[in-house]
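Read the structure below first, then the notes.
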Amino acid sequence: EPFGRGNLTGSIYIGAGRALDRDYTTIGGAVGYMISEGLMLGMSAETWVGNEPDIYKLTPEVRYTFTRVAPVKPYIGAFVSRTIYNGLPDANTYGARGGVYMPFSSNAAFNVGVVYEKISDCDPSTYDDCSQFYPEAGVLFSF
């Protein structure tokens, strides 16, 4: 089971996002440690591509996966992040995510979900929207 206590996880993902009134494709990776069954502490890094300015994010998070549900495994999580903009002031954000994992082997699962994110101390003259929803999809591997 990919969500067992003591497992180290790694994921890769791709999604879509909107920032600074522009559309982006998000590409990233994450590592996590399952501190108990279904409860993960993790860190991710991502880049937002397809528009200007370049955007990079570092995000620590906590995520819980409901492991006793079958065949899909719902998850919820919370995070804070540091967003680095090329040519603009950096920003801190916080948010939540939810979705489902679909295990396809004893150590891997595909996920789809949605993310809500809000910019802390948002400056409306810089950002048209201080919060956003965006989809996510990825693959989690457990070691």
Side-chain angles (χ1 to χ4, degrees), residues 1-69 71-123 126-143:
E1 184 72 24
F3 312 105
R5 181 175 187 257
N7 286 354
L8 182 64
T9 64
S11 6
I12 53 173
Y13 52 88
I14 188 166
R18 187 162 179 82
L20 306 170
D21 203 27
R22 297 175 181 106
D23 294 321
Y24 288 87
T25 299
T26 61
I27 302 168
V31 295
Y33 181 74
M34 303 303 282
I35 60 173
S36 67
E37 182 178 320
L39 183 59
M40 180 190 73
L41 295 179
M43 174 66 81
S44 66
E46 61 189 57
T47 184
W48 291 43
V49 297
N51 223 320
E52 294 292 329
D54 295 333
I55 301 174
Y56 308 95
K57 292 176 77 171
L58 297 172
T59 307
E61 77 166 302
V62 60
R63 188 179 302 194
Y64 183 75
T65 302
F66 296 88
T67 60
R68 296 178 191 246
V69 179
V72 298
K73 312 284 186 199
Y75 68 87
I76 56 172
F79 62 88
V80 296
S81 69
R82 180 72 171 174
T83 306
I84 302 159
Y85 297 95
N86 187 15
L88 292 172
D90 297 347
N92 295 316
T93 66
Y94 59 93
R97 63 180 11 106
V100 294
Y101 282 109
M102 293 160 273
F104 61 87
S105 78
S106 63
N107 67 340
F110 176 73
N111 77 289
V112 294
V114 65
V115 178
Y116 171 77
E117 186 169 13
K118 183 166 179 58
I119 300 169
S120 299
D121 302 322
C122 184
D123 179 0
T126 302
Y127 305 99
D128 288 338
D129 294 318
C130 293
S131 63
Q132 62 181 330
F133 280 96
Y134 53 91
E136 69 178 355
V139 178
L140 173 115
F141 299 97
S142 176
F143 309 97

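Computation of the quantities below employed the complete heavy-atom set of this structure, encompassing side-chain atoms and omitting hydrogens, waters and symmetry-equivalent molecules. Keep in mind that what you see is a predicted model, and the values were worked out from it rather than measured.
- When S131, S81, C130 are each tested for a side chain to side chain contact (heavy atoms under 4.5 Å, CB included) with E117, only one passes: S81.
- In this structure the side chain of V62 reaches within 4.5 angstrom of the side chain of L39, judged on heavy atoms.
- Taking a 6.0 Å sphere around CZ of R82, one finds it holds more than 12 heavy atoms contributed by other residues, nucleotides or ligands.
- Annotation for L8 and G32: closest pair CD1-O, 3.1 Å, computed over non-hydrogen atoms.
- The side chain to side chain contact (heavy atoms under 4.5 Å, CB included) search around L20 returns R22, P53, Y85, L88, T126, Y127, not counting sequence neighbours.
- Scanning for side chain to side chain contact (heavy atoms under 4.5 Å, CB included) contacts around V72 gives V100, M102, with sequence neighbours left out.
- A distance of 10.0 Å separates CE of M43 from CD of E61, quoted to the nearest 0.5 Å.
- In this structure, the side chain of Y101 does not engage the main chain of V112 through any donor-acceptor pair within 3.5 Å.
- Expressed to the nearest 0.5 Å, how far NZ of K118 lies from OG1 of T93 amounts to 11.0 Å.
- Within 6.0 Å of atom CG in D90, more than 12 heavy atoms from other residues, nucleotides or ligands are found, so the atom counts as buried in its surroundings.
- Between Y94 and S120 the shortest heavy-atom distance is CD2-OG, 3.4 Å.
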Carefully, step by step, assess S142 and F3 under the rule side-chain contact (heavy atoms from CB on, under 4.5 Å).
CA-CA 8 Å; S142 176; F3 312 105; over 6 Å; no
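- Annotation: the span from I119 atom CD1 to D129 atom CG amounts to 8.5 Å, rounded to 0.5 Å.
- A distance of 9.0 Å separates CG in N7 from CG in N107, rounded to the nearest 0.5 Å.
- With hydrogens and angles ignored, the 3.5 Å screen pairs no side-chain donor or acceptor of T65 with any backbone N or O of T67.
- The side-chain heavy atoms of V139 and F141, taken from C-beta on, include a pair separated by under 4.5 Å.
- The one candidate from T25, I55, D54, T26 that meets the side chain to side chain contact (heavy atoms under 4.5 Å, CB included) condition with V49 is T25.
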Output, in order, the C-alpha distance, side-chain angles, deciding distance and verdict of side-chain contact (heavy atoms from CB on, under 4.5 Å) for F79 and R63.
CA-CA 9 Å; F79 62 88; R63 188 179 302 194; over 6 Å; no
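- Put simply, CD1 on I27 and CD on E46 are 10.0 Å apart, with the number rounded to the nearest 0.5 Å.
- For F133, the ring pair (Phe, Tyr, Trp, His ring centres under 6.0 Å) partners are Y116, not counting sequence neighbours.
- Taking CZ of F110 as the reference point, atom CG of L140 lies at 12.0 Å (rounded to 0.5 Å).
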Between Y13 and S44, is a side-chain contact (heavy atoms from CB on, under 4.5 Å) present by the stated rule, with each step listed?
CA-CA 10 Å; Y13 52 88; S44 66; 3.5 Å; yes
R5 and M34: CA distance, side-chain angles, deciding distance, side-chain contact (heavy atoms from CB on, under 4.5 Å) verdict
CA-CA 5 Å; R5 181 175 187 257; M34 303 303 282; 5.5 Å; no
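- The two residues A108 and P2 come nearest to each other via the heavy atoms N-CG, 3.8 Å.
- At distances below 3.5 Å, not a single donor-acceptor pair connects side-chain atoms of N51 with backbone N or O atoms of Y24.
- Heavy atoms only, all atoms of each residue included: Q132 and A19 are closest at OE1-N, 4.3 Å.
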